[in-house]
Number of protein chains: 2
Amino acid sequence: MKKKNTDLRIVRTKQSIRKAFYELIQEKGYEAITIQDIADRAMINRNTFYLHYQNKPDLLDTCMDELLSELQQTVVLCPFHMNPFRMSRLETVMQAVLEHISGSITFYYAMLVEESRIYPFRAKMEAIIKGKLDEGWKPAQRNSPLAVSKELLLEYLVSAFMGIVIWWIKNDRPLPAGEVSSQFSRIVTYGHLKAAGIAVEE
Amino acid sequence: MKKKNTDLRIVRTKQSIRKAFYELIQEKGYEAITIQDIADRAMINRNTFYLHYQNKPDLLDTCMDELLSELQQTVVLCPFHMNPFRMSRLETVMQAVLEHISGSITFYYAMLVEESRIYPFRAKMEAIIKGKLDEGWKPAQRNSPLAVSKELLLEYLVSAFMGIVIWWIKNDRPLPAGEVSSQFSRIVTYGHLKAAGIAVEE
DNA sequence: ATAAATAAACAACACGATGTTCATTATTTA
DNA sequence: TAAATAATGAACATCGTGTTGTTTATTTAT
């Protein structure tokens with residue numbers, strides 16, 4: 001049974017807060033926002049904010065969960081084959097995600113891109129790795145049927161690289177460095193099907 | 001010409017601040033640290049902190065740059081072939097990075113893992129993607145010479161996936177969603193060499 | 001060795017944001 | 001129409017920040 005906020009004052013206030021928050025996030029970034037900012041923009045008293053949310057992180061959580069549950073829906077309902085071209089599983093999911101994101105691009109921008117301005121460590125580290133991987137590219141072969149943009153490929157490599165590194169740190173270094181390195185290298189080089197020895201429904 | 005801090009008081013103070021900061025970061029996380037915390041731990045007056053650093057982010061920046069310039073050194077000097085087994089370029093760099101990280105594991109943990117507790121959006125989104133990709137795995141083939149751990153492979157896929165998504169958002173959607181999806185899918189499936197039509201020195 | 005320079009300590013302050021309390025006013029629901 | 005409750009407005013204590021003086025201790029230069 002859903003607790004329904006039948007009182008119009010409540011839904012109206014919550015809406016204004018949410019709207020103000022989204023606007024402010026893209027104007028000055030999450031960190032710089034004060035409760036007073038939100039109250040001013042939403043044209044409510046600052047106390048009223050505390051009537052509905054515990055604090056700023058609480059509001060953020062609510063917004064995140066709201067949007068991510070939409071994403072969840074989008075992804076869960078995502079069929080294995082969604083069109084006549086028999087797109088792969090990954091391709092299908094990726095496309096669905098990108099299209100969902102397009103509908104709420106400013107919030108996703110704030111959450112995923114702005115974030116790296118406040119915690120620039122990951123981005124700085126990525127830049128170093130990227131610089132190294134960027135050395136020694138050979139020019140693309142002409143008319144290669146599979147050719148992808150260099151920029152995209154480089155981003156792909158660096159992201160996977162960083163992801164594995166962070167996974168390794170988070171899980172308290174479950175494998176020796178040499179083992180991780182060689183497995184990573186194999187996946188990158190041969191693709192996930194061959195590398196894994198795993199069959200994935202395509 | 002290097003500006004040398006010949007005054008022992010300065011180097012001593014800076015060292016204590018740095019040490020205190022590193023300790024506190026792993027004890028309570030960056031966000032929760034106050035200047036007073038650092039001053040107490042370093043056994044200096046709070047004002048003395050402001051004599052050397054502008055604020056907390058400034059101190060963080062200094063520490064980051066210090067560590068990342070070490071990483072830079074490690075990576076730049078990283079030879080293309082570092083051992084008789086003819087490791088690939090990626091493998092070599094990965095191994096060097098992991099070994100470097102092991103030497104400062106607590107700071108890297110704080111910067112790369114703890115971060116996601118403060119900005120949990122990316123992690124939450126990753127979990128959704130991971131859940132979807134985790135469906136429909138087939139068991140690994142026995143004795144596959146290239147077999148890698150499922151956990152590592154899944155992390156690899158999700159990280160690359162998220163990296164491309166963020167790249168796409170950050171660069172103001174430079175390609176249509178369908179194009180990104182199909183290129184991504186190709187790289188994952190066929191490996192970067194075939195997918196790119198690019199020869200990379202191995 | 002001594003004097004000038006300066007790092008560090010100590011106290012005080014203004015400022016801004018947070019989160020809470022309480023009385024009052026406005027709006028909704030019964 | 002009356003009771004319930006959402007919203008307002010003012011006040012307050014608390015905390016962390018960053019700054020400004022003054023005094024003490026240590027280092028550097030003469």
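Naming convention: chains lettered A, B, ... in sequence-line order (proteins, then strands); numbering from 1 in each chain.
- Counting only heavy atoms from C-beta outward, the side chains of B:L67 and A:M125 never approach each other to under 4.5 Å.
- Taking atom CD of B:Q54 as the reference point, atom P of D:dG18 lies 9 Å away to the nearest angstrom.
- Residue A:L59 contributes atom CG, which lies 12 Å from atom P of C:dG19 at whole-angstrom precision.
- Between B:R117 and B:E31 there is no salt bridge, since no side-chain N of the basic residue sits under 4.0 Å from a carboxylate O of the acidic one.
- Listed by chain and residue number, nothing satisfies the salt bridge (Lys or Arg N to Asp or Glu O under 4.0 Å) test with A:K170 (two or more places apart in sequence, or in another chain).
- Between the axis at the start and the axis at the end of the helix from C:dA1-D:dT30 to C:dA30-D:dT1 there is an angle of 30°, using five pairs per end and rounding to 10 degrees.
- In this structure, B:Y190 has its ring center no closer than 6.0 Å to that of A:Y190.
- Take A:S182 and apply the side chain to side chain donor-acceptor pair (under 3.5 Å) test, not counting sequence neighbours, and it matches A:R186.
- Within the model, atoms CG of A:L24 and CG of A:D37 stand 6.0 Å from one another, a figure rounded to the nearest 0.5 Å.
- A heavy-atom distance below 4.0 Å to DNA chain D is reached by none of the residues of residues 18-32 of chain B.
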Let me have a per-nucleotide readout for nucleotides 1-10 of chain C, 5' to 3', with B, S or -, counting only protein heavy atoms under 4.0 Å.
-> -----BBBSB

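- Residues satisfying the side chain to side chain donor-acceptor pair (under 3.5 Å) criterion with B:R122, sequence neighbours excluded, are absent altogether.
- Atom-to-atom, OH of B:Y50 to C1' of D:dT20 comes out at 14 Å; the value is rounded to the nearest Å.
- Between A:E99 and A:M94 there is no side-chain heavy-atom pair separated by less than 4.5 Å.
- With A:T48 contributing its side chain and A:I44 its backbone, the two residues share no donor-acceptor pair below 3.5 Å.
- In this structure, B:Q36 atom CD and C:dA12 atom P are separated by 15 Å, rounded to whole Å.
- Nucleotide C:dG16 holds its P atom 17 Å from the CD1 atom of A:I35, rounded to whole Å.
- Relative orientation of the B:H100 and B:Y108 rings is perpendicular, given thresholds of 30° and 60° on the angle between their planes.
- Summarising the geometry, the separation between CG on A:D40 and C1' on D:dT8 is reported as 14 Å, rounded to the nearest angstrom.
- For the pair B:F49 CZ and D:dG18 P, the computed distance is 8 Å after rounding to whole Å.
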